[in-house]
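Whatever order the structure lists ligands and atoms in, that order sets their numbers, starting from 1. Fair warning: this is a prediction, and the values are worked out from it, not measured in the lab. Count residues from 1 along the sequence.
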Amino acid sequence: MLTDAEIRANLTAVQGRIATACERVGRDPGDVGLLLAAKTVPADRVAVAVAAGARLIGENRAQELAEKDAVLSQLPCERHFIGHLQTNKVNQVLRYVTCVQSVDRAELADRLQRRLEAIDATLDVLLQVNTSGESSKFGVAPHHALSLARDIADRDRLRLRGLMTIGLPASDPELIRPSYRRLREAAQEIRAAAVPGVTMDVLSMGMSADLDVAVAEGATMVRVGSAVFGARSLPGDHERGPVGDEP
Ligand SMILES: *Cc1c(COP(=O)(O)O)cnc(C)c1O
């Protein structure tokens, strides 16, 4: 577990990387949000990052949202769901989050819509796109993104704000660039279709190893875990390991 000072220094370093990556391509660092991916990180460590200025926390599991809620609900931060969301976890997850970034099927959109009707609420969502082909289990294929965007737009409790993708870990971050470019192109295609009620302002892509490439390709939100909180005990667990949602 990292010390408070280490977490603060890491956060500053990541903010510096975002600023440098923006400078290189002439973007405003203010246009790139930083979400801290907090899976397996104890609530008190997350709290240190929030005290140092982090405002957006990502969680992958319903159970972890519940366990950390007593601490995190008291802090000036929002939580987003970024893991694979099973329909039977929707009610639980909606208690805690302001955005679900991982909507990847009409069935899930439906389940969210019905629950949101029941509690009379609306929710920001991102559509998760699988930009890396067969090697990734979750996310809609890029050529199906527009039709799923239309499906989501038909559900009046969901506000589709943009797209999310998970770049598979690669030895060289450059290998991920085509994935991130594909996400930007998918967003352009949906934007061009001018689906009523749908904005495509958010491109959530880029993690500790490759956020610089993601920023260069147009990310408006990077999701960073290990570069701030240190290595997790379960390595390589973005979506393949036990840290999806529990069965
Ligand atoms: C864990 C996780 C991240 C952050 O990964 P790091 O490599 O630790 O920065 C980003 N997105 C998702 C969906 C994750 O599960």
Colleague: Suppose I only count heavy atoms of Asn60 and a 4.0 Å limit; which atoms of ligand 1 are within that range?
Modeller: 14 (C), 15 (O)
Colleague: Compare all side-chain heavy atoms of His80 with those of Leu56 and state whether any distance is below 4.5 angstrom.
Modeller: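 Yes, close enough: below the 4.5 Å cut-off.
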Colleague: Can you figure out which of Ser102, Ser204, Gly230, Ala37 has its heavy atom closest to atom 3 (C) of ligand 1?
Modeller: Ala37
Colleague: Just to be sure I'm reading this right: ignoring hydrogens, which of Ala227, Ser226, Gly83, Ala231 gets closest to atom 8 (O) of ligand 1? Compare them by their nearest heavy atoms.
Modeller: Ser226
Colleague: With a 4.5 Å cut-off on side-chain heavy atoms, are Leu123 and Arg159 touching?
Modeller: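 A side-chain contact under 4.5 Å is absent here.
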Colleague: Compare Met207, Lys39, Arg223, Glu59 and give the one whose heavy atom is closest to atom 2 (C) of ligand 1.
Modeller: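 It is Lys39 whose heavy atom sits nearest to atom 2 (C) of ligand 1.
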Colleague: For ligand 1, which atoms have a heavy atom of Val224 less than 4.0 angstrom away?
Modeller: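 Ligand 1 atoms under the 4.0 Å threshold to Val224: 9 (O).
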Colleague: Would you mind running through ligand 1 and noting each atom that sits below 4.0 Å from a heavy atom of Gly225?
Modeller: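 This gives 4 (C), 6 (P), 8 (O), 9 (O) as the contact atoms.
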Colleague: In terms of atom number and element, which parts of ligand 1 are under 4.0 angstrom from non-hydrogen atoms of Arg232?
Modeller: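 Every atom of ligand 1 under 4.0 Å from some heavy atom of Arg232: 1 (C), 8 (O).
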Colleague: Ion pair present between Arg181 and Glu217, side-chain N to carboxylate O less than 4.0 angstrom?
Modeller: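 Yes, this pair counts.
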Colleague: A side-chain contact here means heavy atoms from C-beta on lying under 4.5 Å apart; do Leu85 and Val93 qualify?
Modeller: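 Yes, close enough: below the 4.5 Å cut-off.
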Colleague: Any salt bridge between Glu107 and Arg111, counting N to O under 4.0 Å?
Modeller: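 No, Glu107 and Arg111 are not salt-bridged.
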Colleague: What part of Ser208, side chain, backbone, both or neither, has a heavy atom within less than 4.0 angstrom of ligand 1?
Modeller: both
Colleague: Does the pair Arg79 and Asp69 meet the rule for a salt bridge (Lys or Arg N to Asp or Glu O under 4.0 Å), with working shown?
Modeller: CA-CA 10 Å; Arg79 285 164 285 175; Asp69 185 60; 2.8 Å; yes
